[in-house]
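What you see is a predicted model; the values in this text were computed from it and never measured. All chains are named by letter (A, B, ...) in the order of the sequence lines, taking the proteins before the strands, and each is independently numbered beginning at 1.
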Amino acid sequence: MNTSNGEVLSIIAIRTFKFAKALMEEHFNEKYLESDKYKDATFKGKIAEALVTNRDTSYNVNVTGTMKIHGVEQPASYTAAYSVKGGMPSLEGSFNIALKDYNITIPKLVIENIAEVVKVTCKFDLSPYQKKN
Amino acid sequence: MRNIHTGMFMRKVLLTCAVLLPSYALFAQDDLMKIMEQQNTKTKKEEVTATFKSIRLINGHDIETCKQGELLFTVQHRFGQINQGSYEFFGLDQATMRLGFDYGVFNWLTVGVGRSTFEKMYDGFLKAKLLKQRKGGTPVTITGVSAMQINTLRFSDPDRKNYFSSRLTYSHQLLIASKVSNTFSLQLMPSYVHRNLVPTASEKNDVFALGGGGRIRLSRSVNFTAEYYYVFPGQISSTYKNSLAVGFDIETGGHVFQVHFTNSRSMVEKGFIAETTGDWLDGGIHFGFNLNRVFTVYTPKE
């Protein structure tokens with residue numbers, strides 16, 4: 001997140017998602033998300049509101065941008081809770097992902113077992129970026 | 001079920017975003033993409049997963065092991081030989097079966113026990129993953145498997161002096177496999193079988209063989225598999241043949257259903273490597289299947 005212009009970028013490696021059942025994790029990577037081919041889920045966007053960083057605060061912000069999962073880009077806009085505590089900003093929110101929007105198909109045989117719309121909850125606790133030399 | 005799966009997604013997203021990843025707030029004009037790329041320069045080479053769909057290729061083992069805390073329940077059937085015609089319903093009237101439980105002690109170590117109706121056989125094995133294939137690194141996965149079988153049929157000649165040790169056979173295999181691409185995996189199996197008692201003096205107690213096999217992905221849920229064991233000459237009676245099996249792996253969620261044709265009736269190593277009787281050219285082929293069901297006994301903590 002760039003607090004001066006509201007730009008946000010989140011990249012998550014698909015392989016890092018952990019499941020309670022190892023077999024689910026294998027199927028998630030192998031059959032559905034194809035993490036060999038599409039390594040990351042990426043969201044790139046911009047927060048409409050100005051971001052306060054110099055005092056403790058909390059308010060809702062609107063994020064608009066592009067979500068890229070399974071190699072498919074979709075425009076996306078979400079409402080998230082922005083807060084600052086002790087100089088540390090954080091961003092929290094949840095949204096729904098419809099698998100068909102990202103070209104992820106479920107075989108009819110197992111359709112009862114897999115949600116077609118997935119609710120994703122995320123929380124980012126941010127720390128100041130130190131430039132490396 | 002629908003809700004359970006959704007819940008799973010939520011939890012892991014929380015985990016990865018809140019715990020695993022560093023997140024940064026910038027106070028200056030920096031290009032976010034460039035910074036992210038700098039963060040991700042040094043990552044360990046990824047382990048290759050899902051080389052095969054089950055821990056057995058067809059009759060024999062493949063390099064896969066059960067994950068820690070996983071219990072694999074296997075029901076295997078081999079029917080009679082197809083060339084017996086319609087009276088025996090092409091072999092389907094004469095099923096033999098093996099029930100097995102395999103358990104992942106660690107990700108790299110699996111123990112298993114089984115019981116076959118054929119030769120009233122008990123078997124047990126230890127299977128350890130010794131080397132893991134990595135993307136852009138180690139080219140192969142190597143797994144060792146040692147098994148022991150106990151034949152509990154009544155002794156054919158109860159009047160002579162019989163020893164318990166005569167019932168025992170052992171097998172040791174080194175499985176070397178490579179997931180060449182997403183759709184193709186290949187495996188070699190140098191194998192050694194020891195039989196404490198053999199029927200005639202011309203047959204060797206020790207039998208060396210080399211196996212080869214692989215799988216080809218046909219669709220997301222269906223794989224074609226093949227497996228062949230070549231027994232080096234002069235070790236077993238000429239009535240025995242090399243074992244050849246071809247089949248399909250069909251995945252349905254928590255099950256892997258393996259259907260195949262093989263000239264081996266036995267489902268333990270000493271049987272299919274050293275004592276295969278069917279002849280493919282003669283129709284001495286058994287239809288069979290392995291039904292694998294995974295249960296998660298517990299989920300290991302990270």
With a 4.5 angstrom heavy-atom cut-off, could you sort out which part of B:Thr296 is near chain A: side chain, backbone, both or neither?
-> side chain
Tell me, out of A:Thr42, A:Leu51, A:Leu23, who's got the most heavy-atom pairs with chain B below 4.5 Å.
-> A:Leu23
Neighbour count above 12 (heavy atom, 6.0 Å) for B:Lys129 NZ = yes
Answer yes when A:Glu34 and B:Arg220 have at least one side-chain N-carboxylate O distance shorter than 4.0 Å, and no when they do not.
-> no
Part of A:Ser35 lying under 4.5 Å from any heavy atom of chain B | neither
Do the charged groups of A:Lys31 and B:Glu251 touch, with an N to O distance under 4.0 Å?
-> yes
Can you find a pair of side-chain heavy atoms, one from A:Glu26 and one from B:Lys67, that are under 4.5 Å apart?
-> yes
Residue pair A:Glu25 / B:Thr49, side-chain heavy-atom distance below 4.5 Å = no
Taking everything shown except A:Lys39 itself, do over 12 heavy atoms lie less than 6.0 Å from its NZ?
-> yes
Side chain / backbone / both / neither for B:Glu46 at chain A, heavy atoms under 4.5 Å | side chain
Supply the atom-to-atom distance B:Lys135 NZ to A:Asp36 CG, rounded to the nearest 0.5 angstrom.
-> 3.5 Å
SB check B:Lys53 A:Glu30 (cutoff 4.0 Å) | yes
